[in-house]
Amino acid sequence: MFSRRILLQAATLAAFAASPALAEDPFKIGFVYVGPVGDHGWTYQHDQGRLALEEHFGDKVETTYVENVSEGPDAERVIRQLASSGNDLIFTTSFGFMNATDKVARQFPQVKFEHATGYKQRDNVANYLTTTYQGRYISGFLAGKLSKSGKVGYIASFPIPEVVRDINAVQLGLQSVRDDAELVIIWVNSWYDPAKEGDAARVMINQGVDFIIQHTDSPAAMQVAEEKGIWAVGQASDMSRFGPDAHVTAVIDDWAPYYIKRTQEAMDGTWKPHDHWGGMQDGMLKLSPINEKVSADVAAEALGIASSIADDSFHPFTGPIANQAGEIVIPEGERMSHEQLAGMNWYVEGVKGELPQ
Amino acid sequence: MNIELLVTVIGAATPLLLAALGELVTEKSGVLNLGVEGMMIVGAITGFAVTLTSGSATLGIIAASASGVFMALVFGVLTLTLLANQVATGLALTIFGTGLSSLIGAGFVGMPVPRLPVLPVPGLSELPVLGPLLFRHNALVYLSLIATLAVSWFLWRSRAGMILRAVGENDTSAHSIGYHVIRVRYLAVMFGGAMAGLAGAFLSLAVTPMWVEGMTAGRGWIALAIVVFASWRPMRVLAGAYLFGGMSILQLHAQGAGGINIPSQVFTMLPYIATILVLTIISAGPWRGRLDSPACLGKPFRAAG
């Protein structure tokens, strides 16, 4: 009698204790952003992914984000804070967070980390990025078709593999249309400094550039392009509001499907570290609608390249590709390997100037 | 020389000049307000928001400087009335301003406003070379240049300016001969806020007419550096602002044009190196004491008795 009652009580207690815990303990996900969510570019798109994640899972997840985290000692502090405050999965969304992510991951083996655009992997650190070079190649193609002066501007942030790869992709796309075009590259040493990005745009327009591609995060260059009546390609998200006439297209990152998939895997216990390169093939990279002012032929050709990249019948980095010295690095017909692309630190033939180290 | 390039330099230098002139007056009264960046960014969003909602850039500019004054008053109450540490309060003001501007600006992301109109000076703007260089700008560019002369005149030629400098050099003496140290400092701090607000509005209405978070991107700190670089003299502030602004444009130009092979990072750090050099000279070199660093800079004042 006595023991049965205790057993019953214990069972009730256990049920009581367990059920609300299941319902009230959401899976916690942290995000670390390099810029503000209001940058209308790179960080904005990541935050859109986070919001889609919340919408998809509802009460089952709880997300936190920290914005404006500088790429240095601050990052490590922020990531550690997120890890120690009970987050199960943490996305760190800028190249410069790589070492900090790696370091904190070592101390928190039970927490899973996802680092965007980097290459350091561990049992609990995965890498992911979008192959923006696909979009850059098409930007280069469009520049070749639309530029009258033959001078195409590239506003660059930092000389890391991602940026170098994209500069090369633009050059290859440009060369596929015409040989006489020149790429004018200006480094602003920042991901996000609207006034400086705008100044860089003004300066290159002053030097004869009439088509701008940017690898920085604010729409400042787009706005200047609109004023000066030239073309520009938007970065990371659709920037046509800032340059309705100038905006050729934008290369858009869509992180939502990836964030949802990886969260599901982490919740199910099937999460594994990997190095995922999303792109046009899986919908993580898209082109925004091409400006109506672009001739239908050119627009159709650009979309054709996009679909041949998506179905893998074409790869932007297909040989022959030579370096600046004219030595063939990738022989005719071969594709550049994942490793070669990941660590790219040299310019292809045709890019002028020296790569800052 | 390329005129359009020089016009771009003016665009880069004007916000630095406006903010640095305000900070110069603040520091001359003996108050160190490190919150320039914070006041500037609040001015940027306020100017933008008011211009967008009211449709009037004039109202936007007035509101921007008013918001700068509000921020400065927060600083004033804390440091002048409550005697909080000026350095810590200034830093906190920057952090507060960054957060406040993001909060106000959340609803304004991604909306464009028309660029601040250019007001050509009749007649003069038709001059070759000089016309586009000096007489075809928006109101804030003219204002920044007039303000430089006005501040210079005020500090060295007017009685009120003399009192302000006296308060900054020796607050106890100024107090004992009957000047209201705290009142003078409040006014100077408010002027600094108003100018920082204008500098912010220049960024969000003229340089890049839009609101994005953190758009001042450290220009408030460069303005602070310029005040030291200029050794607390308005004309040197003008030179410093144009030198630093010019340098930032020139390095972009040099990269695009090719030929000059200096790493662009060097230019990015140049303003700070120049400032450290000047600071070193001021505090150790043979010119010590001949520069105009206010003696009471950063020291709290409590009226005796």
Side-chain angles (χ1 to χ4, degrees), chain A residues 35-41 43-44 67-68 151 153-156 158-159 182-209 217-224 226-228 237-244 352-354 356-357, chain B residues 2-9 11-12 15-16 44-45 98-99 101-103 105-115 202-204 206-219 245 248-269:
Chain A
V37 294
D39 71 354
H40 219 78
T43 295
Y44 175 82
E67 58 184 338
N68 275 324
K151 277 189 152 188
Y154 196 103
I155 302 176
F158 296 102
E182 185 196 340
L183 204 51
V184 175
I185 303 165
I186 294 187
W187 299 90
V188 293
N189 297 311
S190 171
W191 286 111
Y192 187 74
D193 182 340
K196 199 167 176 187
E197 294 167 40
D199 284 341
R202 282 187 193 96
V203 164
M204 53 175 55
I205 293 168
N206 186 245
Q207 291 170 353
V209 163
D217 297 343
S218 92
M222 182 60 67
Q223 212 171 26
V224 174
E226 177 77 8
E227 269 180 22
K228 304 278 183 185
S237 60
D238 192 313
M239 294 177 173
S240 54
R241 259 193 288 186
F242 293 92
K352 297 217 170 59
E354 245 175 87
Q357 293 295 340
Chain B
N2 190 322
I3 292 174
E4 206 164 327
L5 202 64
L6 291 176
V7 173
T8 310
V9 171
L16 300 177
I45 180 56
T98 311
S101 65
S102 303
L103 183 70
F108 292 99
V109 170
M111 296 183 197
V113 292
R115 194 179 290 271
F202 187 82
L203 285 173
S204 67
V207 179
T208 50
M210 62 177 160
W211 166 250
V212 282
E213 282 179 41
M215 66 184 301
T216 47
R219 279 172 186 72
S248 72
I249 299 300
L250 196 68
Q251 67 98 351
L252 296 173
H253 179 76
Q255 285 190 54
I260 304 177
N261 231 340
I262 301 169
S264 55
Q265 291 89 338
V266 171
F267 286 97
T268 312
M269 64 187 186

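By convention in this document, chain letters (A, B, ...) are assigned in the order of the sequence lines, proteins followed by strands, and residues within each chain are numbered from 1. For clarity, every value in this text was computed on a predicted model and none was experimentally measured.
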Between [X] and chain B, which part of the residue has a heavy atom less than 4.5 Å away: side chain, backbone, both or neither?
X      : result
A:I185 : backbone
A:R241 : both
A:K352 : neither
A:E227 : side chain
A:N189 : side chain

Measure the [atom1]-[atom2] distance between [X] and [Y] for me, rounded to the nearest 0.5 Å.
X      : Y      : atom1 : atom2 : result
B:E4   : A:I205 : CD    : CD1   : 8.5 Å
B:L252 : A:R202 : CG    : CZ    : 11.0 Å
A:S218 : B:M210 : OG    : CE    : 4.5 Å

Interface residue of largest heavy-atom contact number with chain A, from [options], under 4.5 Å:
options                       : answer
B:Q251, B:M111, B:R219        : B:R219
B:V207, B:T208, B:T8          : B:T208
B:P112, B:P209, B:G214, B:A12 : B:P209

Query raised in the report: Which bit of B:I249 is near chain A, if near means a heavy-atom gap under 4.5 Å: side chain, backbone, both or neither?
Result: both
Query raised in the report: Relative to chain A, which segment of B:P15 carries a heavy atom at a distance below 4.5 Å: side chain, backbone, both, or neither?
Result: neither
Requested in this report: Return the minimal non-hydrogen interatomic distance between A:N68 and B:E213, and the atom names on each side.
Outcome: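 Closest approach of A:N68 to B:E213: ND2-OE1, 4.3 Å.
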Query raised in the report: Would you say B:V212 and A:P219 make side-chain contact, with heavy atoms under 4.5 Å?
Result: yes
